[in-house]
Amino acid sequence: MIAAVRGKRIVLGVTGSIAAYKMIDFARKLTQAGAQVQVVLTESATRFVQPLAFQAVTGVPPASDMFALEDDRVAGHVAMGRAADAVLVAPATAQTLAKLAHGFADDLVATTVLAARGPVLVAPAMETRMWLSAATQENVARLAQRGIVVIPPESGELASGEIGEGRLASPDALAAALDRALGGPGPLAGRRVVVTAGPTAEPLDPVRVLTNRSSGKMGYAVAEAARDAGAEVTLVSGPVALAVPAGVACVRIETALQLRDAVLAALPGADAVVMAAAVADYRPAETAEGKIKKERGGGELALRLVENPDVLRAVVAARKPGTLVVGFKAETGDAVGAAERMLRDKGLDLVVANDVTSAGSEFGSDTDEVAFVSAAGSERQPLLPKREVARLLVGRISVALSGRGTL
Ligand SMILES: Cc1cc2nc3c(=O)[nH]c(=O)nc-3n(C[C@H](O)[C@H](O)[C@H](O)COP(=O)(O)O)c2cc1C
């Protein structure tokens, strides 16, 4: 278990999922690692696990009924949240996620989260269809936007016997997220990550550009997730309407040539390069010095375009051995097939494929349905908030850089 929990007060909120039993061992490990663990159970959770089991492993009686708290001088329902260094709700049911997303305060887990001063983490666990339901996904996205750390569920065999996504994250993943939230170094500590984001804009004249619909949300989410994992992040960003995440160094560019130069300048010392920018394949052959005037009665204006250099190829050619290079392939149609070709042709380590015509994955949306395509094969993901796609991607990069697996 992790070092950062030593001496920390951690509230472990356990809700009514079949996975609740797993938290007995997790609470024991947290306690053994030196944390002061206060377990808070929803009423439903007590149908799955005995409070006594938690008391036995933490040495502290769990709380459940906010109206029955002893030592409730004024504000027992919020005292635990205020005192906690971190609140982890695991497993978090669909019901509790909905409650938290809407600020309900009708049980002790909810009031504790509302009153928390420190970081709050939630680890959803439920059947795949419940997890993928629009309501749950909206609730999770809302919580993530509010700064709550969502520890994504894993794919695997569920309590029902079905195989799918929704299984509570592993104890290792819970521990790593808690560690990070408490200021631990994170899996990418000491690593440098370069991320490109947004569109490029190729000038036609002083007032007009050729550009595309990329919002930059994906690249910004990757930069944020890499920062959260402890990396030193350089974000090379085209023109977008997004705030640069705190602690991330940003180099602003407009054209594909500027983007290439900025990435190559940041490349020495980089451990991973994630190319999420939508780079123009062509640029105007020349940029007019003055504004191009409308010709009266002309009816047509022909533009001559020249090809931009392939930035991904340039990065792969210039990287030092061991630097991971990740590309993104936004396609209309067979995105996975196009990503497989791109992976081979350009010598990339991973391509994140995204069919921009599928519902929820359009340019500018907050969600994406992607597939991770590598030499090991392709792994399709369900429709997820971009922040979660980014976390998954950064998780893969962390594992690959640590030598524990491949991209
Ligand atoms: C056997 C059983 C297993 C359940 N497992 C889950 C689960 O894994 N995830 C979930 O979101 N809900 C699950 N539920 C439904 C929740 O227990 C129910 O929505 C409850 O109201 C949650 O309340 P709470 O969030 O206050 O604990 C399960 C229900 C039963 C009967």
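Indexing begins at 1, ligand by ligand and atom by atom, following the structure's order.
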Margin query: Any heavy-atom pair between the side chains of P284 and E202 that's under 4.5 Å?
Written below: yes

Kindly confirm or rule out an N or O of [X] lying under 3.5 angstrom from an N or O of ligand 1.
| X | answer |
| --- | --- |
| Q95 | no |
| T15 | no |
| A92 | no |
| G16 | yes |
| K99 | no |
| E127 | no |

Checklist line | Lys/Arg N to Asp/Glu carboxylate O, K99 vs D106, below 4.0 Å | finding: yes

Item checked: Salt-bridge criterion met for E331 and K329 (N-O under 4.0 Å) -> yes

Which residue and non-hydrogen atom of the protein lie closest to [atom], and at what distance in Å?
| atom | value |
| --- | --- |
| atom 9 (N) of ligand 1 | A125 O, 2.8 Å |
| atom 8 (O) of ligand 1 | S17 OG, 2.9 Å |
| atom 31 (C) of ligand 1 | F48 CZ, 4.5 Å |
| atom 21 (O) of ligand 1 | S44 OG, 3.8 Å |
| atom 5 (N) of ligand 1 | I18 N, 3.5 Å |
| atom 11 (O) of ligand 1 | A94 N, 2.8 Å |

Checklist line | Residue part near ligand 1, for M130, under 4.0 Å between non-hydrogen atoms | finding: side chain

Would you compute the distance between atom [atom1] of [X] and atom [atom2] of [Y] and round it to the nearest 0.5 angstrom?
| X | Y | atom1 | atom2 | result |
| --- | --- | --- | --- | --- |
| K386 | L393 | NZ | CG | 13.5 Å |
| K29 | D172 | NZ | CG | 8.0 Å |
| I10 | L182 | CD1 | CG | 5.5 Å |

Note to self: Just to verify, which of V87, V89, V109 counts as forming a side-chain contact (heavy atoms from CB on, under 4.5 Å) with V11?
What the structure shows: V87

Check: Does ligand 1 have an atom under 4.0 Å from some heavy atom of A19?
Finding: no

Margin query: Can you name the atoms of ligand 1, numbered from 1 with element, that are less than 4.0 Å from a heavy atom of T42?
Written below: 24 (P), 26 (O), 27 (O)

Checklist line | Closest heavy-atom pair and its distance - M130, T136 | finding: O-OG1, 2.9 Å

Check: Would you say atom 3 (C) of ligand 1 has a protein heavy atom nearer than 4.0 Å?
Finding: yes

Check: Can you tell me if S215 and Y220 form a side-chain donor-acceptor pair at under 3.5 Å?
Finding: no

Check: Counting only heavy atoms not in K294, do more than 12 sit closer than 6.0 Å to its NZ atom?
Finding: no

